[in-house]
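Shown next, in structure tokens, is the structure this report addresses.
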Amino acid sequence: MDVDLIFKIAAIGILVAVLNQVLIRAGRDEQAMMTTLAGLVVVLMMVVQEIAALFDLVKNLFQL
Amino acid sequence: MMEWMIRAAVVAVVAALLASVLRQSVPQFALVLTLTAGVWLLAGAVDSLGAVVELINRLSSIAGVEPQVIQPVLKTAAIAVLARLTSEMCRGAGEQGLAAFVDTAGTLAALGAALPLLEGVAELMAVMLT
């Protein structure tokens, strides 16, 4: 797994945080929440693959 | 190993900094960031763990212990580590109740994984006592 993934997630998080603040100040609270949810879904899809790869690695290593 | 540990320490500190920045506005992302950094650290540590497991297997074969005896021990250790990490992540997200459920589930799963060992011991004692 690459270290870049951590920085990508941090960058997406900061982007979502900025968009969140902009939308809340514009009075669009529900759109702010949808943006946060969309960002979370994107990030989770990236992370879940890595978690699955880690579990496969551990299973093959221990022959569990 | 030393170089990797230094890299891991730097990555962990940077990830903690970024997570603290994100926690103020979008705390959910801080949790995912922590999870990702943790997965990266585990993936790097698993390499050295392979050598340890191989040593355990070799020692058990020298001692004349069957590999079926070592498997439940390794499974129980893996379940304990996984349950602990997951419950700490839940506590970090503010879900102490969920963390307690994960702890209980981990205890039961570890008991279930150690069951073959206990059965073997019970049979051995039955053979010795009769």
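These figures come from a predicted structure and were not determined experimentally. Letters go in sequence order (proteins before strands), and every chain restarts at 1.
- Note that the CD atom of A:Glu30 and the OG1 atom of A:Thr35 stand 10.0 Å from one another [nearest 0.5 Å].
- Of the listed residues B:Val39, B:Val21, B:Asn57, the one with more heavy-atom pairs under 4.5 angstrom with chain A than any other is B:Val39.
- For B:Glu54, the CD atom is loosely surrounded, since the number of other residues' heavy atoms within 6.0 Å does not exceed 12.
- For A:Leu40, the parts sitting under 4.5 Å from any heavy atom of chain B are the backbone and the side chain alike.
- Contact record, B:Leu41 with B:Ala12: CD1-CB, 4.4 Å, taken as the closest heavy-atom pair.
- Hydrophobic clustering, with ILVMFWY side chains joined whenever heavy atoms are under 4.5 angstrom apart, keeps B:Phe29 apart from A:Leu23.
- Closest of all the heavy-atom pairs between A:Ala17 and B:Val26 is CB-CG2, 3.8 Å.
- Heavy atoms of B:Val53 lying under 4.5 Å from chain A belong exclusively to its side chain.
- Residue-level contacts of residues 2-11 of chain A with chain B, in order of numbering, are A:Asp2, A:Val3, A:Leu5, A:Ile6, A:Phe7, A:Ile9, A:Ala10; threshold 4.5 Å between heavy atoms.
- In plain terms, the two heavy atoms of B:Val73 and B:Val69 that are nearest each other are CG2-O, 3.6 Å.
- The two residues B:Ala113 and B:Ile79 have their closest heavy-atom pair at CB-CD1, 3.8 Å.
- Heavy-atom pairs under 4.5 Å with chain A were tallied for B:Val14, B:Val11, B:Leu22; the largest tally goes to B:Leu22.
- Heavy-atom pairs under 4.5 Å with chain B were tallied for A:Leu44, A:Asn20, A:Val16, A:Val18; the largest tally goes to A:Val16.
- Counting non-hydrogen atoms of other residues, nucleotides and ligands closer than 6.0 Å to CD of A:Gln21 gives a total above 12.
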